[in-house]
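Let me give you the structure first, and then I'll get to my questions.
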Number of protein chains: 2
Amino acid sequence: MRQTSKAQRNRRRVTANIHDVAKRARVSIATVSRTVNRIATVDPVLANRVWKAVDEVGYVPNTQARALVSGRSRILGLIVSDITNPFFPELVQEFENLAVAQGYEVMIGSTSNDPGRTESLIRRMLQRSVDGVAVMTFGIDQEQVHKLVGPEFPLVFSDAGPDRPNVRALKVNYGEGIRQAVQHLAALGHRRIAFISGPLRMRTAVTRRDAFRKAMTELGLVAPGLYIVEGDHKMEGGKAAMEKLLAQAELPTAVICSNDMTAIGVLHALDETTLKVPADISVVGFDDIRLAQFMLPPLTTVQMSCKELAAAAVEALRAGIEPDHPQSPQKEWPVATRLVVRRSTGFPRGTLPALGKASAGRGRAKARA
Amino acid sequence: MRQTSKAQRNRRRVTANIHDVAKRARVSIATVSRTVNRIATVDPVLANRVWKAVDEVGYVPNTQARALVSGRSRILGLIVSDITNPFFPELVQEFENLAVAQGYEVMIGSTSNDPGRTESLIRRMLQRSVDGVAVMTFGIDQEQVHKLVGPEFPLVFSDAGPDRPNVRALKVNYGEGIRQAVQHLAALGHRRIAFISGPLRMRTAVTRRDAFRKAMTELGLVAPGLYIVEGDHKMEGGKAAMEKLLAQAELPTAVICSNDMTAIGVLHALDETTLKVPADISVVGFDDIRLAQFMLPPLTTVQMSCKELAAAAVEALRAGIEPDHPQSPQKEWPVATRLVVRRSTGFPRGTLPALGKASAGRGRAKARA
DNA sequence: GCAGACACGGTAAGCGTTTGCCGCAATCAC
DNA sequence: GTGATTGCGGCAAACGCTTACCGTGTCTGC
């Protein structure tokens, strides 16, 4: 008959626990806990003994147990729409650095703009009891998230009204950057400026498009409906949208894109024609991903600093989570944008002949302004 | 005087727990637990009652408590070297999909090839008691990881000898893909083929370079030392390396790059000269990131399927974690590579004059083969 | 010198699970 | 009808931590 002892029951413990430290420092586990959590009332002599013991036995507090009893996991959820869009990894990295610096871990998920994925992602995050979630999808259905989480759950959205008690919003100033872009093009002499938007069910895509329209109007330019084409914030969509523009009777002399990936698709579409960038057509992106400066030609684009965005997101989340955060009541967090001029924009050529899509691989001459 | 009751002590519980379910189903918590964990010995009648109750109270098992008692967190660690390199987000996404399908969560971290970051990352993962870690950095110091984790800890490396009990290795067949690339170029008539490696402290970078040398030798070609330049697996390094090659007396007619980002940097460097791709010089990448086909011209590259890689990583990890995984003893997991020919490679032009770096922005003619 | 106040450390009660052990009831062999 | 066997559910003990409460020791004021 097997002897069923305590020892047998134990799965092999690999790390030291609070009792080991307590024994070694000749104090109670309460004192160890208080010391480790930097509660000020611990006698410095004991605290020293504790820290020494911690070091000696290599004690690392068990996060699961901590979370279990405290009800806080120190995990931040970060939801992005498409991790394979280079903007997001940059954002993720910044976010993570900041979160880790504050003692948080980050749980990342990308939704691919699929409500099903979004729902399961939120559920998974809730199940891991994240302390709060930043939704940086630029256009998720906010309602969907609200339905899944409690009314007091700390939430941060990029671009949305903070209509709930513990919801904060990142207010990206799209208007400013896009106005700068339009102004830049207008100053160069462009009049026929097209815009390729993101998928219009995304709130942000609509916001950017509207900012474009507004900027055009303010400068006394017209943005004909045919010059506003819907893309998908990906290279494929940018390419397709540009091809649509190319099929029109009168070509635009400049194209502003709702993000950089779209602009890359546009460059690609233009490469298959005889049109040169920027001599025949200027292209402006949005985001300023690192890749933008490595495009051929380097992309003029509206910079939305993901450092700034990440910082605002982390702080806004902390404001919702930590009861004594200084900016706790603040509900809106501004994020700036600004134009970065590179080499994909230039003076427009005189009047262009209407021109369909040229066959790919034709010889062409390329010259820069 | 405040009444310090049990009720007060409780932080507001927001989700139902196992006791609520047990009460409602009129069974013990043990039965609930067994039902939820699909232990077969539960009477179907009771099981039904339990499932019904679970549904009614909206019970979701608390992951922290589960992890605490079972010692398994159902979190997989995934370490990549640089999340902003587009190859990795693609890998991350695949990995995550597969892991989630198996009921795991993923904790991601990128090291930026910094040993300090690597160490803190591993520590953080251990603190969150991940069940295993896949190290896909293509060149991390394996020793560093071994020093931090216990000897039995489930680990998967891309490219490394499985010299420890619970370590598995993904064996990417670099040789095959690179051989195909060299062969492709040789068949087109190239003889002077250069190679831009990754940072040589990365094991994988060395492996790829050696594969290149071997392939060259096998085909009776020589790879002079001057034609092998070190890059950094980023665009910047690719650009710098290409500039080094351009400074040489006799230019190569083709360049193979250790990854696609390097190739993008190369294209960029060449764009600032009068040399055309592929007419004057052919360029081959490695990885086949999605962006590769959107380069100008679309990049011929060696595909390393990140789907395949992710699948191998997840399965290898599971083999190390789950005691009854079918492929548990398998130590090496093969991953194939193959050449994808696009438009950045072509026939070499006749003998080229030695040519330094031309000034940027010079007019140039571009023609495709 | 003594009562009261105060500071600080220890005890123990949870947090929400999993799981070994035990006991009850039902089944079976004879 | 009895005793042995089996199946299955409940009890309770962990897992490692935080923290309310309490007790002890020291200090202060009179």
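Each chain gets a letter, A, B and so on, in the order its sequence line appears, and its residues count up from 1.
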Just to verify, what does B/Arg26 make a side-chain contact (heavy atoms from CB on, under 4.5 Å) with, not counting sequence neighbours?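 Expected list: B/Arg49.
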What pairs of nitrogen or oxygen atoms, one from the protein and one from nucleotides 9-11 of chain C, lie under 3.5 Å apart?
from, atom 1, to, atom 2, distance (Å)
C/dG9, OP1, A/Asp43, N, 2.8
C/dG9, OP2, A/Thr41, O, 3.3
C/dG10, OP2, A/Ser28, N, 2.9
C/dG10, OP2, A/Ser28, OG, 2.9
C/dG10, OP2, A/Thr31, OG1, 2.4
C/dG10, N7, A/Arg34, NH2, 2.7
C/dG10, O6, A/Arg34, NH1, 3.2
C/dG10, O6, A/Arg34, NH2, 3.2

Using a heavy-atom cut-off of under 4.0 Å over every strand shown, decide if A/Val45 touches base, sugar-phosphate, or nothing.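 Answer is nothing: A/Val45 stays at 4.0 Å or more from every strand.
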Hey, are A/Glu143 and A/Lys147 close enough for a salt bridge, meaning a charged N less than 4.0 Å from a carboxylate O?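 A salt bridge is absent here (no side-chain N lies under 4.0 Å from a carboxylate O).
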Taking atom P of D/dA14 as reference, at what distance in whole Å does atom CZ of B/Arg72 sit?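 Result: 23 Å.
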side-chain contact (heavy atoms from CB on, under 4.5 Å) involving B/Asn48 - partner list, sequence neighbours excluded: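 Checked B/Asn48 against side-chain contact (heavy atoms from CB on, under 4.5 Å); zero matches.
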Dot-bracket encoding of pairs in DNA chain D, which uses [ ] for pseudoknotted crossings and | for another strand, Watson-Crick or G-U under 3.5 angstrom: ||||||||||||||||||||||||||||||
Whole Å only: how far is the NE2 atom of A/His19 from the P atom of D/dC17?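 It is 8 Å, rounded to the nearest whole Å.
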I'd like to know if the side chain of A/Thr31 and the backbone of A/Val27 have a donor-acceptor N/O pair within less than 3.5 Å.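 Not confirmed, A/Thr31 side chain does not pair with A/Val27 backbone.
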Spacing between B/Asn17 atom CG and C/dG16 atom P, to the nearest angstrom: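 The answer, rounded to whole Å, is 5 Å.
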In whole angstroms, how far is the C1' atom of C/dT18 from the CD1 atom of B/Ile39?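 Taking atom C1' of C/dT18 as the reference, CD1 of B/Ile39 is at 9 Å.
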Can you list the residues that meet the side-chain hydrogen bond (donor to acceptor under 3.5 Å, both in side chains) rule with A/Glu105, with sequence neighbours excluded?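 For A/Glu105, the residues satisfying side-chain hydrogen bond (donor to acceptor under 3.5 Å, both in side chains) (neighbours in sequence not counted) are B/Arg124.
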To the nearest Å, how far apart are A/Ile18 CD1 and D/dC17 P?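 About 5 Å, once rounded to whole Å.
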So A/Leu91 and A/Leu309, side chain to side chain contact (heavy atoms under 4.5 Å, CB included) or not? Walk me through it. CA-CA 8 Å; A/Leu91 178 68; A/Leu309 198 60; 3.9 Å; yes
Between C/dC8 atom P and A/Arg49 atom CZ, what is the distance in whole Å?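 Taking CZ of A/Arg49 and P of C/dC8, I get 15 Å after rounding.
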Just do the side chain to side chain contact (heavy atoms under 4.5 Å, CB included) check on B/Ile75 and B/Tyr104 with the steps written out, would you? CA-CA 5 Å; B/Ile75 301 178; B/Tyr104 287 90; over 6 Å; no
Using whole Å, report how far CG of A/Asn62 lies from P of D/dC17.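 The distance from CG of A/Asn62 to P of D/dC17 comes to 6 Å, rounded to the nearest Å.
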Euclidean distance, atom CZ of residue A/Arg66 to atom C1' of D/dT19 [Å, nearest integer]: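 Nearest whole value for this atom pair: 14 Å.
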Can you see if the side chain of B/Ser33 gets near the phosphate of C/dT18 - specifically, an N or O under 4.0 Å from OP1 or OP2?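 Yes, because at least one side-chain N or O of B/Ser33 sits under 4.0 Å from OP1 or OP2 of C/dT18.
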Scan residues 54-66 of chain A for pairs that pass side chain to side chain donor-acceptor pair (under 3.5 Å), counting only residues two or more places apart or in two chains.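 For residues 54-66 of chain A: A/Arg24-A/Glu56, A/Asn37-A/Arg66, A/Lys52-A/Glu56, A/Gln64-B/Ser129.
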